[in-house]
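See below for the structure under consideration.
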Amino acid sequence: MLLRLLLVLLVSLHCVVARAQDSLINIIPKPVSVKSLAGSFALNNDVLLVYNNDSSQSIAQFFKESISISTGLRVNISHENQFIGKEKSIRFHLLGFRDNIIGSEGYRLQVHPTCIEISANNTGGLFYGMQTLLQLLPSEIESLKPVNRHSWSIPCVDILDYPRFGWRGMLLDVSRHFFPKEYVKKYIDYMSKYKYNVFHWHLTDDQGWRLEIKSFPKLTEIGAWRAPRMGEWWSQSPQYDGEPATYGGFYTRNDVKEIVEYAAARNITVLPEIDVPGHSMAALAAYPELSCLGGNFKPNVGDKFYKKIENSFCIGNECSFELMDSVITEVAEMFPGKYIHIGGDECHKGFWEKCPKCKARMKTDSISTLEGLQSYFIHRMEQLIVSKGKRMIGWDEILEGGLAPEATVMSWRGLKGGIEAANMGHNVIMTPDKYCYLDLYQGDPDVEYKTYSMNRLSTSYSLDPVPEGIDKKYILGGQGNLWTENIPNTRHLEYMVWPRAFALSEVFWTPQKNRNWDDFSRRMEVQLNRFDAAQINYAKSAYDPIIRVNKNYQGSYIINVTAEINGLDIYYSFEGPDPDSFYPKYSQPLEIPKGADTFKAVTYRNGKPIGKVVTLKIKDLDKRMRQTN
Ligand code: ACM
Ligand code: ZN
């Protein structure tokens with residue numbers, strides 16, 4: 001009897017310890033399997049990092065450097081042959097046989113009180129095991145300055161982990177606004193912490209050509225520079241004659257080499273995008289003879305030009321293909337990855353229709369539609385790319401007029417293009433704008449920076465990249481896309497990326513059945529502490545009130561208030577100053593009192609404000625009613 005009592009006591013003690021441990025385990029993206037164990041591993045200068053070959057040595061070194069600033073620790077690194085076996089150790093172990101469960105990017109991580117072991121088939125998997133280990137350390141590990149802490153402990157745990165998809169991308173548009181090499185590296189670094197493995201570099205667009213091409217130097221001499229503008233995009237005044245083009249920049253071949261290597265050390269492949277035949281005004285500014293009708297083009301400054309000024313290469317002019325050949329040749333030399341992205345999106349075809357050369361091309365090649373002419377261009381681009389030993393990716397518009405034989409489709413206008421391509425047996429990367437575009441609003445436009453359309457954190461989190469009825473083998477994975485028309489600086493950039501890129505990392509990595517919004521939002525909060533330590537900006541919009549309007553059966557307006565994060569208290573007012581917790585607490589949909597001209601709401605948690613005050617003008621009820629998300 002006494003023995004049984006003791007046993008029950010012991011088991012429940014173990015459960016309490018494991019539960020306490022659970023609150024220390026807040027990994028994003030959530031691993032496939034996590035088992036909490038009792039106890040912890042204390043990280044200090046007695047710990048030895050042990051490796052078994054050159055690749056695992058590089059990961060051990062990466063770990064040492066990642067902890068050195070905040071902890072001040074100077075741990076030693078040693079080959080396993082010199083390892084005595086008595087020391088406390090962290091073993092970085094590349095397996096000598098293939099572990100089929102973890103595949104090429106997975107890992108196993110075991111933390112015991114005196115030893116930690118990470119094992120993987122490949123360096124990428126080892127790198128991810130190391131990133132998970134870093135996430136098991138306290139948030140201050142990310143600090144940019146030394147932290148005075150009593151101990152750096154890691155909860156004991158047994159983790160098995162591998163990704164759902166092989167393609168986990170993030171796009172950065174460096175054309176609309178330019179971000180220097182150093183910041184591109186930081187972007188890549190933060191991608192890698194959340195196990196993204198493709199950096200999609202949107203290098204060219206109407207507003208700037210950002211990649212040095214030795215054989216066509218004017219692409220950057222002229223195409224990389226535009227007149228500076230501040231304020232709302234698409235309502236700028238055009239560059240006036242004689243105005244200096246002082247805003248911009250580009251990446252040299254050396255810069256590219258440095259970035260490609262930096263990314264590779266973090267298991268990231270760089271996907272270059274040369275966006276053609278549309279989105280090419282900056283290139284036409286450099287080589288106007290490659291337009292259909294000619295003109296004095298300048299890289300766009302954010303003024304409305306679409307359909308009024310040419311921004312597509314002439315398809316009838318063979319010289320366009322000569323430039324493409326040189327560009328693709330140099331791009332293929334610079335970027336070791338398997339793919340080159342050729343854009344293909346939003347190409348205005350109206351100038352082709354008026355162009356004698358384009359018309360002649362259509363006649364000689366028996367092309368009957370403008371979509372067919374675009375498809376002709378894309379097919380030739382694919383031949384070029386394949387001739388350099390690479391494979392082509394394009395936005396879903398490349399489906400129009402007939403898909404090139406081996407093309408991979410990046411589906412952005414919803415999932416539709418991806419479904420169509422997969423049904424034709426083509427590979428697909430899912431990046432539907434409503435879920436994956438990180439330049440969209442993530443909260444009430446009343447309190448956010450001006451942009452267009454909505455993509456909330458919970459919407460990003462709700463994506464399943466494999467639509468029902470589709471053969472999943474064609475879905476390579478997905479991507480978050482950061483377009484930068486409205487994003488002039490890096491603080492703003494980070495605000496738009498995080499935490500939505502946490503959500504997408506989990507969409508692309510974690511098994512669908514392991515995903516749960518409340519669990520994610522709890523873990524996200526801990527990750528945000530890490531961002532505070534690292535001084536990275538992020539949005540807390542998911543804590544803001546969401547005000548929705550509809551009508552009851554009598555035709556009166558009704559206001560509903562929710563928040564994405566569950567369990568918050570909402571207080572509101574129809575008059576006077578901003579509401580606080582002394583105002584009425586929201587509990588059910590509200591009718592609008594006579595004469596009220598404003599509705600305001602705020603969120604609280606544990607008696608403290610946590611979201612912003614959001615205001616809805618009563619005169620805007622109709623407009624708000626039309627907003628569905
Ligand atoms: C795109 O957003 N035009 C790909
Ligand atoms: Zn033409």
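Every number for a ligand or one of its atoms is a count from 1 in the order of the listing. Just so it is clear, the values below take in all heavy atoms, side chains as well, and ignore hydrogens, waters and symmetry mates.
Partners of Glu382 by side chain to side chain donor-acceptor pair (under 3.5 Å), not counting sequence neighbours: none found. For Tyr538, the side chain to side chain donor-acceptor pair (under 3.5 Å) partners two or more places apart in sequence, or in a different chain, are Asp532.
Test Ser411, Pro465, Cys436 against Thr431 for side chain to side chain contact (heavy atoms under 4.5 Å, CB included) and you get one pass: Cys436.
No more than 12 heavy atoms of other residues, nucleotides or ligands sit less than 6.0 Å from atom NZ of Lys434. Counting heavy-atom neighbours within 6.0 Å of Glu333 CD, excluding the residue itself, gives a total above 12.
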Pairwise, report which nitrogen or oxygen atoms of ligand 1 are under 3.5 angstrom from protein nitrogen or oxygen atoms, and how far apart they are.
from, atom 1, to, atom 2, distance (Å)
ligand 1, 2 (O), Tyr437, OH, 2.7
ligand 1, 3 (N), Asp345, OD2, 2.6
ligand 1, 3 (N), Glu346, OE1, 3.1

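Only protein N, O or S atoms were scored, and 4 of them lie under 2.8 Å from the Zn ion (ligand 2).
Side-chain atoms of Asp255 come within 3.5 Å of backbone atoms of Thr252 as a donor-acceptor pair (strictly under, hydrogens ignored).
In this structure, Lys186 fails the cation-pi test against Tyr183, since its NZ or CZ atom is not both closer than 6.0 Å to the six-membered ring centre and inside 45 degrees of the ring normal.
Contact between Ser280 and Phe313 at its shortest, heavy atoms only, is OG-CE1, 3.4 Å.
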Please assess Gln527 against Tyr194 for the test side chain to side chain donor-acceptor pair (under 3.5 Å), listing each intermediate value before the final yes or no. CA-CA 10 Å; Gln527 296 294 329; Tyr194 297 93; 2.7 Å; yes

